Amino acid sequence: MNNVTDLFPEKEPKKEKQIPLEELLESCMHCDFELKSSKIYQRYRICPNCNYHFSISARRRLATLIDKNSFHETSKWIQSLDPIEFSPRVSYRVRLVQDRIRTGLNEAIITGTCKIDDKDVVMIVIDSSFLGGSMGVVVGEKVTLALELAKRKKIPCICTVSSSGTRLQEGIFSLLQMAKTSFAVRSLKDANIPFITILSNPTTGQIFSSFASLSDIIISEPNAQIGFSSLGEITEFDKNKKDLPHTSETFIQFGQIDKILNRDKIKTNLSLLLDLLYPNHKVNSIKIGKEYLKKNLPYKNPEEIIKLSRNKNRPKARYYLENIFTNFFEIHGDRISYDDTSIITGIGKISGQSVMIIAQQKSEKNIRRKSSSGSQSGEITPSGFRKATRAINLAELFKIPLVSFVDTPGPALGMEMEKLGLSNSVSNMIDQIGKVNTPSISLIIGEGGSEAALAFSITDKVLMLENAIYTPIIPEKGAKTEMKDQNKISEIAESLKLTASDCLNSGIIDKVIPEPKGGAHQNPTETAKLIKKILSNELFEINKIHINTLKNRRRKKYRNIGEFGSKFLKTVKHESKIFQAGIKASIKSLREN
């Protein structure tokens with residue numbers, strides 16, 4: 001049964017008289033601030049005093065986001081024919097006509113192509129002023145057509161949503177649009193086309209629970225009421241008054257959205273994000289002085305290196321992100337339960353090329369350094385590993401290289417972490433980063449501790465700062481286990497082979513980045529500049545290699561670590577012969593003397 005029809009294939013219908021919905025207010029209804037002379041209110045409907053975002057029409061929203069005169073509407077005259085003839089009190093057809101006259105819209109949705117700072121996109125705008133912005137057959141069809149258009153044109157799709165409730169007047173046909181639109185989003189993802197959604201007040205119900213939440217990047221306006229349930233349903237079924245508000249601020253804390261932006265900042269950030277996601281040139285090789293290309297590093301006491309790697313003044317990941325990358329667009333949350341702030345994820349540019357960044361941001365005050373067993377608890381929660389895994393998947397989706405920064409003593413420990421799935425989140429991240437279908441580089445900048453470090457460093461290239469460490473166990477715990485005293489780390493540190501020099505000699509890492517005398521904290525600016533040059537060069541090199549070759553090399557590298565195959569036996573036999581020859585020569589020399 002086809003309930004979608006084009007009622008006006010040849011000419012526009014006669015225009016009905018439109019009722020103005022956005023008459024200017026003299027003062028803010030929330031704080032009584034005078035709005036008459038406010039330009040930001042006149043343009044964006046934002047109170048400059050309390051930052052309240054008033055509702056705006058679909059047409060005004062388009063005007064705030066896109067380039068002037070660039071919008072070309074698509075599927076304009078598709079309208080529903082009342083599929084179940086719903087009329088318990090007021091005919092559904094009558095309600096549709098009333099809302100068309102009141103809003104000037106044919107339905108709760110406008111779709112079309114346009115430009116944002118000269119970048120082509122497909123735009124979807126859903127307006128809650130038309131039957132609550134609910135999703136019926138027409139809304140579902142136009143969303144699907146717009147997503148399919150973005151796939152055909154190979155350009156990003158941007159959706160702005162203001163919606164609540166269910167289009168009950170269309171019965172089960174309305175509910176099934178959730179499946180239709182979700183399939184369309186999956187098809188777009190399979191084609192590696194970005195899908196970005198902007199949420200405004202309110203955004204609840206079927207739209208938020210289908211294609212909107214499947215978006216690659218989700219941005220929200222401040223204090224927007226969002227969620228599966230409406231605020232009324234939440235109040236009715238959740239009697240606990242201590243619960244957090246049903247707003248975007250709560251949802252970003254719990255990992256459900258990526259960013260909260262004022263309405264007047266959204267276009268700028270969209271332009272930045274589109275610039276990062278559009279095809280861009282590859283990095284070029286940068287000449288590096290010979291003094292930074294030393295292969296043999298001077299010997300340093302491992303205990304001294306451990307102390308330097310933990311120095312409280314040593315530059316952290318956030319510092320390097322700010323000084324190495326440009327146009328950094330941070331994304332938040334694991335889309336499941338939480339936004340772990342010890343993990344930074346986002347997209348930035350280095351030497352003109354976009355990369356996905358996952359970084360461990362260590363905070364000394366939250367790391368438990370001592371325990372009776374010598375163990376140390378880091379900060380990274382299961383949510384943090386899931387957040388990083390999500391960024392890895394986005395790097396593959398957007399076809400951009402992955403860059404990882406490692407600096408942690410290990411994951412957060414405790415029964416609560418176990419209940420949240422610590423082991424599962426670590427193993428899933430190892431699996432995803434190991435098979436990711438894009439070039440990858442990791443950089444150990446401080447402590448590279450245990451499973452948390454490994455999960456972030458299974459990459460095509462592994463770099464390591466001169467005074468960083470890479471260890472399977474906390475040195476204090478190793479000393480407690482072997483020496484029965486966690487303070488005797490000097491005895492165990494040498495045997496752990498945890499320094500950059502040791503890791504390079506054993507083939508665990510690919511390159512050591514020198515540090516200023518006394519450590520990176522003595523000259524953070526110089527360290528960041530050198531990292532940027534070396535990272536650019538490494539990206540330049542791996543970009544020349546086909547991704548299938550990179551994946552095969554990645555797989556073989558870790559397959560061959562600790563291998564006891566024919567190659568290993570041949571090496572042992574060869575060394576055994578050399579050893580035997582040495583013994584014979586010594587015995588012969590003794591006899592002659």
Side-chain angles (χ1 to χ4, degrees), residues 178 182 185 189 195-197 199 203-220 222-231 233-234 237-260 330-346 356-363 366-368 377-395 397 404 408 410-433 451-452 455-456:
M178 294 177 69
S182 296
V185 173
K189 288 178 182 287
F195 181 36
I196 304 164
T197 291
L199 310 178
T203 301
T204 60
Q206 293 177 354
I207 286 179
F208 186 64
S209 306
S210 54
F211 66 89
S213 287
L214 291 174
S215 305
D216 304 313
I217 306 292
I218 300 178
I219 299 169
S220 176
N223 289 305
Q225 298 286 335
I226 60 177
F228 177 87
S229 305
S230 67
L231 182 59
E233 289 172 325
I234 292 288
F237 290 99
D238 194 343
K239 304 300 182 182
N240 187 353
K241 301 300 181 183
K242 294 182 180 179
D243 278 352
L244 294 168
H246 192 237
T247 63
S248 50
E249 285 72 15
T250 299
F251 274 69
I252 196 169
Q253 181 183 343
F254 288 94
Q256 305 300 313
I257 61 178
D258 292 292
K259 221 172 188 65
I260 297 175
E330 187 169 356
I331 58 179
H332 294 271
D334 62 354
R335 292 286 180 89
I336 296 175
S337 61
Y338 195 65
D339 178 37
D340 187 341
T341 56
S342 70
I343 300 298
I344 304 169
T345 59
M356 177 64 72
I357 302 154
I358 55 175
Q360 299 171 341
Q361 176 68 10
K362 185 166 67 174
S363 172
N366 293 327
I367 295 174
R368 207 171 65 212
S377 177
E379 298 175 280
I380 306 174
T381 66
S383 176
F385 290 105
R386 288 193 289 265
K387 179 180 179 180
T389 302
R390 178 186 164 225
I392 292 167
N393 292 332
L394 287 177
L397 175 68
S404 167
T408 180
L413 305 178
M415 193 60 215
E416 188 64 27
M417 297 300 106
E418 299 292 345
K419 290 190 290 184
L420 292 173
L422 180 59
S423 297
N424 179 265
S425 62
V426 172
S427 62
N428 280 339
M429 183 173 176
I430 290 172
D431 177 54
Q432 291 298 320
I433 198 170
E451 300 82 3
F456 280 73

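Please read all numbers here as calculations on a predicted model, not as lab measurements.
Distance alone, capped at 3.5 Å, places no donor-acceptor pair between the S213 side chain and the S210 backbone. Within the 3.5 Å criterion, the main-chain N or O of H246 finds no donor-acceptor partner in the side chain of T250. A side-chain donor-acceptor contact under 3.5 Å links S383 to the backbone of Y338. In this structure a side-chain-to-backbone donor-acceptor pair under 3.5 Å is missing from K189 to L397.
For the atom pair CG (N424) and CE (M429), the distance works out to 13.5 Å, reported to the nearest 0.5 Å. Atom CD1 in I433 sits 11.0 Å away from atom CZ in F385 (nearest 0.5 Å). Atoms CD and CD1, from E330 and I344 in turn, are 6.0 Å apart once rounded to the nearest 0.5 Å. Summarising the geometry, atom OG belonging to S425 is positioned 9.0 Å from atom CG belonging to L420; distances are rounded to the nearest 0.5 Å.
By the 4.5 Å heavy-atom criterion applied to side chains, S182 and L214 are counted as neighbours. The closest side-chain heavy-atom distance from M417 to P411 is not below 4.5 Å.
Of all heavy-atom pairs spanning S215 and I218, the tightest one is CB-CG1, 4.0 Å. Here the closest heavy-atom approach between residue T408 and residue A452 is recorded as CG2-CB, 3.7 Å. Minimum interatomic distance between I358 and F456 (heavy atoms only, all atoms of both residues): CD1-CD2, 3.8 Å. Of all heavy-atom pairs between D216 and R390, the closest is O-NH2, 2.9 Å. Smallest separation of non-hydrogen atoms from E379 and S342: O-OG, 3.7 Å. In this structure, G227 and F251 approach most closely via the heavy-atom pair CA-CZ, 3.6 Å.
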So R335 and D258, salt bridge (Lys or Arg N to Asp or Glu O under 4.0 Å) or not? Walk me through it. CA-CA 9 Å; R335 292 286 180 89; D258 292 292; 3.0 Å; yes

I343 and I380: side-chain contact (heavy atoms from CB on, under 4.5 Å), yes or no, with the steps? CA-CA 7 Å; I343 300 298; I380 306 174; 3.9 Å; yes

Test side-chain contact (heavy atoms from CB on, under 4.5 Å) on S423 and E418 and set out the steps. CA-CA 7 Å; S423 297; E418 299 292 345; 4.3 Å; yes

Could you go through I331 and L394, starting from their C-alpha distance and side-chain angles, then the distance that decides it, and tell me whether this counts as side-chain contact (heavy atoms from CB on, under 4.5 Å)? CA-CA 11 Å; I331 58 179; L394 287 177; 3.6 Å; yes

Carefully, step by step, assess L199 and S248 under the rule side-chain contact (heavy atoms from CB on, under 4.5 Å). CA-CA 9 Å; L199 310 178; S248 50; over 6 Å; no

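In this structure, the side-chain contact (heavy atoms from CB on, under 4.5 Å) partners of E249, at least two apart in sequence or on a different chain, are P222, N223, T247, I260. Checked against side-chain contact (heavy atoms from CB on, under 4.5 Å), N393 has the following partners two or more places apart in sequence or in another chain: T389, Q432.
Partner of K387 under the side chain to side chain donor-acceptor pair (under 3.5 Å) criterion, chosen from T345, D339, D334: D339.
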